[in-house]
Amino acid sequence: MPELPEVETMRRGIAPILGLRIDSVVFPRGRCRPISVQPSTAAVIKGMRGGEFSAVHRFGKRVALELAAATAAERMYLVIEPRMTGLLLVAPPPTQEHVRLEIAFSDSISPQLIFWDRRGLGTLRLLDAAGLDAACGPGRLGPDGLVIGPDDLRARLGRSRRAIKVALLDQQAVAGIGNIYAAEILFRVGIDPRTPCDRLRAESWEAIATTTRDLLATAVEMEGSTIGDETYRTADNRPGRFQLLHQVYGREGSHCRACGGSIVRIVQAQRATFYCPACQPRQPGRRRKERSSGGAPGRKTVG
DNA sequence: CGTTCAACCTGGGCGC
DNA sequence: TGCGCCCAGGTTGAAC
């Protein structure tokens, strides 16, 4: 679940553990399969115990905890990728069973840091600076969604034939957008999610970039989106509030809050897309053999 | 280059 | 009640 706003909220929420001495690092052996830990659980324990975290960064949908070191060359980072169900907590976890990592600090008053992940698709990596750059640097991730500019977005996607919804999920184009926010962004700019990128005009890219920044910033302020029960929670175990502002995601068959029409669900690249056909009309076909049969810019059901 | 599919996992919800 | 199926916020790699 966690996309940029949720991961940013996690990043901010675990700040209380910065500067505390790492007393113990435990990978509980649950009944379920272990998550991916690189280079190994033993190496992670050895690399962290006795140290302290000096900063916490976010790269797209990943959190990187920086370990204090005498020199930059020795500096290591614990990179956490929550994927679908991972949570970073400084509060008691939803269940004990899916606690994947537990870090305790010598100051007994302070909370533990817990990585909890029901499905276990999340990953943990202990990386040096070069490894961090390879995993999260500009070669791997595009500009962050909170600061993406229209020119950058257009330069990266403007010539692509991919559908705009699918392209917005490409982390190399722009980092941090996931399935929820891609749908919400496109609703707010009134663009059909199936529109090929190379058919969007400059003003559309402008609108998409501006809306992406604004919407993600608002979602961060509202501490992300919590849908259903055992999903995303803040680091201190509270639900986010941005789901209250969702206009299309998860609302198939419901009335569009803008026009009263019906929200539709389609599948693109094996993932659900929600949109309002009335508020997000098909682009008038630029550069495509258009057989104006009726006259009105009516649609032909294509797929 | 782009799409499609399977895989990685657990668990909730639904129809029968 | 139980079983089987579909669904889920993400990412990756192989096959076409």
Side-chain angles (χ1 to χ4, degrees), chain A residues 1-10 30-38 58-63 79-88 93-100 115-125 134-136 140-142 145 156-186 193-199 215-216 219-220 222-234 239-243 245-246 248-253 265-274 303:
Chain A
M1 101 234 3
E3 306 181 26
L4 185 154
E6 291 78 27
V7 178
E8 175 63 17
T9 304
M10 290 178 195
R31 290 199 297 275
C32 29
R33 284 210 157 66
I35 61 167
S36 165
V37 178
Q38 289 176 350
R58 179 183 57 77
F59 298 96
K61 302 173 188 172
R62 297 163 194 168
V63 164
V79 176
I80 301 160
E81 200 171 336
R83 301 263 178 117
M84 296 287 265
T85 50
L87 295 179
L88 274 176
T95 68
Q96 208 57 45
E97 178 170 5
H98 297 111
V99 172
R100 311 293 179 154
F115 182 60
W116 180 92
D117 186 359
R118 174 160 60 75
R119 286 174 72 177
L121 300 177
T123 66
L124 300 173
R125 282 176 287 185
C136 302
R140 209 81 202 313
L141 298 176
R156 287 160 189 272
L157 297 177
R159 289 184 305 281
S160 170
R161 290 186 188 171
R162 280 184 295 176
I164 180 63
K165 153 60 162 54
V166 176
L168 286 177
L169 297 179
D170 182 348
Q171 301 300 299
Q172 291 195 26
V174 48
I177 300 175
N179 216 31
I180 293 177
Y181 295 100
E184 296 297 323
I185 289 164
L186 291 176
R194 300 165 298 179
T195 310
C197 289
D198 65 3
R199 281 216 259 159
L215 184 110
L216 292 178
V220 170
M222 300 188 71
E223 302 183 298
S225 302
T226 295
I227 299 169
D229 289 348
E230 213 176 75
T231 62
Y232 160 75
R233 313 286 293 182
T234 63
R241 299 183 307 283
F242 190 75
Q243 69 278 5
L245 299 186
H246 288 183
V248 288
Y249 184 84
R251 300 193 66 239
E252 179 187 16
R265 177 189 186 273
I266 61 174
V267 173
Q268 293 179 286
Q270 281 66 59
R271 311 198 62 193
T273 296
F274 299 90

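To find a chain, count down the sequence lines: A is the first, B the second, and so on, and within it residues start at 1. The shown structure was predicted, so the numbers you read here are calculated from the model rather than taken from an experiment.
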Is the closest side-chain donor-acceptor distance between A:T273 and A:Q268 under 3.5 Å? yes
Nearest-angstrom distance from the residue atom CD of A:E6 to P of C:dG10: 9 Å
Go through B:dT4, B:dC9, C:dT12 for me and flag the one nearest to the A:R62 side chain. C:dT12
Applying a 3.5 Å limit to both distances, which nucleotide forms a Watson-Crick or G-U wobble pair with B:dC9? none
Closest to the A:R162 side chain, choosing from B:dT3, B:dT4, B:dG11: B:dT3
Does C:dG9 have OP1 or OP2 sitting under 4.0 Å from an N or O in the side chain of A:Y181? no
Rounded distance (Å) that lies between atom P of B:dT3 and atom NZ of A:K165: 12 Å
May I have the distance from A:L168 (atom CG) to C:dG9 (atom C1'), rounded to whole angstrom? 16 Å
May I ask you to evaluate whether A:S160 reaches the phosphate of B:dG2, defined as a side-chain N or O under 4.0 Å from OP1 or OP2? yes
Between CD1 of A:I180 and P of C:dG10 the distance, given in whole Å, is 7 Å
Any base atoms under 4.0 Å from A:R265, or only sugar-phosphate, or nothing? Heavy atoms, all strands. sugar-phosphate
A:D170 bridged to A:R156 by N-O distance under 4.0 Å: no
In whole angstrom, give the distance that lies between atom CG of A:L169 and atom P of C:dG10. 7 Å
Write down the distance between OH (A:Y232) and C1' (B:dG12), rounded to a whole number of angstrom. 21 Å
Could you state the atom-to-atom distance from CE of A:M222 to P of C:dG9 in whole Å? 21 Å
Can you find a side chain N or O atom of A:R271 that sits less than 4.0 Å from OP1 or OP2 on B:dT3? no
side-chain contact (heavy atoms from CB on, under 4.5 Å) test vs A:E8 passes for just one of A:R58, A:E3, A:K61, namely A:R58
A:R100 near the nucleic acid: base, sugar-phosphate alone, or nothing, with a heavy-atom cut-off under 4.0 Å? nothing
Within this structure, what is the CD-to-P distance between A:Q270 and C:dA14, rounded to whole angstrom? 17 Å
For the side chain of A:E81, counting heavy atoms from C-beta on, which of C:dT11, B:dC8, C:dG9 is nearest? C:dT11
Using the P atoms only, state how far C:dC6 lies from B:dC5, rounded to an integer number of Å. 14 Å
Which nucleotide in the set C:dT11, B:dG11, C:dG9 lies at the smallest distance from any side-chain heavy atom of A:H98? B:dG11
CZ of A:R241: more than 12 outside heavy atoms within 6.0 angstrom? yes
For B:dA7 and A:R33 - does any side-chain N or O of the residue sit under 4.0 Å from the phosphate oxygens OP1/OP2? no
So does A:R118 get a backbone contact from the side chain of A:R100, meaning a donor-acceptor N/O pair under 3.5 Å? yes
Presence of A:K61 side-chain N/O under 4.0 Å of C:dG9 phosphate oxygens OP1/OP2: no
Within the structure provided, determine whether A:D198 and A:R159 are in side-chain contact (heavy-atom separation under 4.5 Å). no
With sugar-phosphate meaning primed atoms plus P, OP1 and OP2, does A:G120 contact a base, only sugar-phosphate, or nothing at under 4.0 Å between heavy atoms? nothing
